[in-house]
Amino acid sequence: MSLLTVGSVAFDAIETPFGKTDKIIGGAATYITLTSTYFTDKSNIIAVVGGDFPMAKIEFLQQKGVNTAGLQIKENEKSFFWSGKYHNDMNSRDTLVTELNVLGDFDPIVPEEYQDCKYLMLGNLAPTVQSKLIQRLKKRPELIVMDTMNFWMDTMWDELLHTISLVDVLSINDEEARQLTGEYSLVRAARKIRTMGPKTVIIKKGEHGALLFGEHEMFYAPALPLEDVFDPTGAGDTFAGGFISYLAKTDDPTFENMKKAIIYGSAMASFCVEKFGTERLENLSPEEINLRVSMFLKLVSVGGNMEL
Ligand code: AMP
């Protein structure tokens, strides 16, 4: 089924204990759509970049099968720029710079050919743009998944709450869930978020995995313990990309299937962190992905009889 993603397409400058990059390609929608290409050939993107963005990178997405009809290029403006520095634990980071540039007044135009999309991924972006996009779709998609971050809680609180009220699934990290709800317990935080609109809540805990909350159910997927983690940037977006793409591929947005989708999201995120930026996500094989998923299943399955 067709998937539509809106989100940032950006330049990032990243510093981790293992190294530092100059401006490299990043952005939530970049990670999400790259991930989606391993699941569906009906992946569409709505985003905006400036004239400084390399055409080769857009062409690369096209070659991977992404429909970029909704990607606007503002020739005389600069692309969104974000810079972050990770702490030694690699699980937390400080944002050093956020330059909205073209994102500042982004008007998301929906090409006619995107109108029938059944799965909508609202990647990290101004909540005003995310809600405008929902409004502009003639038919509400069957499933709307939203990602956001603390930056929008600090700058657009009311608009953020409004957008959250419109979606089916909210995917945020633990720190953001606490900021959004004022609850330390993630179980309470998820319950509170469910009263704000989304019937399903995903709370990402970085290297400690992710929790999925439904009405009466809870599910946990660990993150794969990896020998080498070089750069966690984009892991949350890649996770969300794997999650929604699996649901779109199987066209089954039930809670039961979301458990599998979380495993796919975690598997894709485990690739993302192994290299800087999007590099590791650019050329994966189905065999590698299947092997990773089987490693996840092995990690959590006990087998045998567990009775005393
Ligand atoms: P993640 O590590 O999954 O939280 O995502 C990191 C990506 O989010 C980077 O590639 C950034 O370009 C992008 N990003 C950071 N801040 C923002 C923001 N305020 N709005 C949209 N995208 C952002």
Side-chain angles (χ1 to χ4, degrees), residues 5-16 21-35 45-50 52-53 57 78-87 90-106 108 121-130 133 145-157 159-160 163 170-177 179 202-207 210 223 229-244 265-266 268-281:
T5 301
V6 65
S8 51
V9 170
F11 284 124
D12 290 345
I14 301 157
E15 194 174 334
T16 83
T21 68
D22 283 331
K23 284 188 174 182
I24 57 170
I25 302 305
T30 312
Y31 285 100
I32 296 165
T33 49
L34 254 181
T35 304
I45 185 171
I46 291 185
V48 62
V49 293
D52 53 353
F53 200 80
K57 291 292 174 183
K78 281 167 73 180
S79 301
F80 174 74
F81 173 63
W82 176 80
S83 168
K85 182 176 175 175
Y86 287 85
H87 300 165
M90 298 279 267
N91 227 12
S92 53
R93 71 183 177 205
D94 294 324
T95 288
L96 304 177
V97 183
T98 300
E99 285 174 12
L100 290 178
N101 299 327
V102 279
L103 271 195
D105 58 356
F106 178 35
M121 180 70 227
L122 300 174
N124 192 8
L125 197 72
T128 42
V129 177
Q130 292 174 319
L133 189 75
V145 179
M146 172 184 179
D147 195 0
T148 190
M149 76 185 296
N150 51 0
F151 179 82
W152 303 112
M153 293 180 205
D154 297 337
T155 58
M156 287 194 183
W157 180 257
E159 296 87 342
L160 182 66
T163 308
L170 182 69
S171 169
I172 50 174
N173 74 30
D174 43 3
E175 209 181 297
E176 290 154 358
Q179 184 175 349
I202 297 171
I203 300 185
K204 298 168 284 183
K205 290 158 58 69
E207 66 172 330
V229 174
F230 281 107
D231 171 20
T233 308
D237 308 312
T238 304
F239 170 88
F243 175 78
I244 196 164
S266 306
M268 296 309 288
S270 76
F271 288 118
C272 173
V273 302
E274 287 180 329
K275 295 228 165 112
F276 272 96
T278 56
E279 191 183 341
R280 186 72 174 99
L281 293 174

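What you see below is based on every heavy atom in this structure, not just the backbone, and it leaves out hydrogens, waters and symmetry mates. Just follow the structure's listing: the first ligand is 1, and inside any ligand the first atom is 1.
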Nearest non-hydrogen contact to atom 18 (C) of ligand 1 from the set Y31, W82, F80 belongs to F80

Which ligand 1 atoms are under 4.0 Å away from a heavy-atom of G26?
10 (O)

Side chain, backbone, both or neither: which part of R93 has a heavy atom under 4.0 Å from ligand 1?
side chain

What is the closest protein heavy atom to atom 12 (O) of ligand 1, and at what distance does it sit?
D12 OD1, 2.6 Å

Ranking V129, T98, I24, D237 by closest non-hydrogen atom to atom 6 (C) of ligand 1, top hit is D237

Nearest-0.5 Å distance, CG of residue D231 to CD1 of residue I14
4.0 Å

For Q130 versus G123, what's the shortest heavy-atom pair and its separation?
NE2-O, 2.9 Å

Identity of the nearest option to atom 22 (N) of ligand 1, non-hydrogen atoms only, from A13, S8, A126
S8

At a 4.0 Å threshold, what atoms of ligand 1 neighbour a non-hydrogen atom of G27?
9 (C), 10 (O), 12 (O)

What distance separates T95 OG1 from W82 CH2, expressed to the nearest 0.5 Å?
5.5 Å

Can you find an N or O of L103 that's nearer than 3.5 Å to an N or O of ligand 1?
no

With S79, which of I25, V48, D52 fulfils side-chain contact (heavy atoms from CB on, under 4.5 Å)?
D52

Heavy atom to atom 19 (N) of ligand 1, shortest distance: which of F239, Y86, F151 holds it?
F151

Nearest neighbour in protein (non-hydrogen) for atom 21 (C) of ligand 1:
N124 O, 3.2 Å

Checking the N or O distance criterion of under 3.5 Å, is ligand 1 in contact with G236?
yes

Should W152 be listed as contacting ligand 1, given a heavy-atom distance under 4.0 Å as the test?
yes

When distances are taken from atom 16 (N) of ligand 1, the protein heavy atom at minimum range is M149 SD, 3.2 Å

Crowded around D154 CG? As in, over 12 foreign heavy atoms under 6.0 Å?
yes

One finds that the ligand 1 atoms under 4.0 Å from a non-hydrogen atom of A10 are 12 (O)

In terms of heavy-atom contacts, does CD of E99 have more than 12 from other residues, nucleotides or ligands at under 6.0 Å?
yes

Option passing side-chain contact (heavy atoms from CB on, under 4.5 Å) with Y31 (candidates N124, T5, V9, T238):
T238

How long is the straight-line distance from OG1 of T16 back to CZ of R93, given to the nearest 0.5 Å?
12.5 Å

Taking F11 as the fixed residue, which of F81, F53, F80 is the one that meets the ring-ring contact (aromatic ring centres under 6.0 Å, His included) rule?
F53

